[in-house]
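Here is the structure we will look at, set down as structure tokens.
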Amino acid sequence: MKLTLLGTGCPVASAKRFGPAQLIQDQEHTVLIDCGSGVTQRLLGAGCNGAQLDAIFITHLHSDHIVDLFQLIISSWHQGRDRPQRIFGPKGTQHHIEQLMALWQQEVVHRTEYEQRPSTSALSVEVEEIQQGSIITIGSIDVTAVEVDHSFYHALGFVIESGGKKMVFSGDTRPCSALERAALGADLLLHEVFIHNAFKADFIIRTEQTIANVAAYHTLSSDVGKVAQRAGVGTLVLTHFVPPGCDLKQLHQEVSRDYSGSIVMGSDLLSIEV
Ligand SMILES: [Zn+2]
Ligand SMILES: [Zn+2]
């Protein structure tokens with residue numbers, strides 16, 4: 001299967017790193033994980049589009065992971081999609097999407113009445129809430145949900161298996177033993193990272209307390225290599241760079257002190273065959 005990183009950023013806007021989103025493709029099926037800012041443009045950059053998606057999985061309801069969900073739904077319709085989007089996410093996803101579709105209801109009514117496109121199926125959404133241990137099968141791709149530790153925020157990571165290969169996505173989490181167990185022996189671990197030494201308090205955007213609070217629900221660059229080493233994964237791919245602009249050479253050196261496997265610094269539109 002092929003993993004393409006569509007967005008490797010975080011809530012901080014960046015011209016290089018769009019919001020979190022990942023594309024998984026095997027011979028026949030296409031799965032999207034998260035819908036961060038710019039996901040529809042990045043899908044096109046990856047040679048895909050929203051009309052082709054078989055399922056969308058949401059790690060959690062923080063805005064950076066779902067902010068372009070409606071844009072994805074409406075643009076998929078413009079791209080000729082003729083079936084509802086299937087969305088799987090944690091508790092609260094159903095409510096969020098009901099509210100989202102209600103917010104845009106007038107837009108949908110006006111467009112469908114005026115534009116008279118052959119199908120409106122793409123504007124329907126099928127939502128299924130999932131939890132720790134849920135296994136969803138999309139063709140030959142199995143996706144298993146793992147509850148991770150994003151502090152007070154309910155969040156999921158995912159184990160993705162196809163053709164005898166296994167990838168694990170952390171979503172947003174601080175170091176999490178359940179995720180580590182799920183990642184044991186995985187071919188690839190895609191993990192978020194918080195680069196602690198890249199931040200300085202300035203008393204306008206962030207105080208020392210802000211930095212400490214944000215760091216406390218992410219995985220520090222001084223910890224992420226230890227997680228990968230304990231799990232014994234083949235390759236560690238870093239994503240969700242907080243902040244999006246950081247010294248990658250320094251980060252690589254820091255992580256490689258703890259992890260002896262292959263380290264990939266994720267970048268938007270990077271594809272990896274697993
Ligand atoms: Zn995030
Ligand atoms: Zn988050």
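Read the numbers this way: they start at 1 and go in the same order the structure lists the ligands and their atoms. All heavy atoms count here, side chains included; hydrogens, waters and symmetry mates do not.
Look at D268 and K16 and you find no salt bridge, because none of the NZ, NE, NH1 or NH2 atoms lies under 4.0 Å from a carboxylate O. One finds no salt bridge joining D258 and R230 here, because no Lys/Arg side-chain nitrogen approaches an Asp/Glu carboxylate oxygen to under 4.0 Å. The existence of a salt bridge linking E107 and R111 is confirmed by a sub-4.0 Å separation between a basic side-chain nitrogen and an acidic carboxylate oxygen. We find that D149 and R174 are joined by a salt bridge, their nearest charged nitrogen and carboxylate oxygen being less than 4.0 Å apart.
The Zn ion (ligand 2) has H60 NE2, H62 ND1, H150 NE2, D172 OD2 as its protein N, O or S neighbours under 2.8 Å.
Below 30°, between 30° and 60°, or above 60°: for F70 and W104 the angle between ring planes is below 30°, a parallel geometry.
Among residues at least two apart or in separate chains, ring-ring contact (aromatic ring centres under 6.0 Å, His included) pairs with a member in residues 228-260 are H65-H240, H218-H240.
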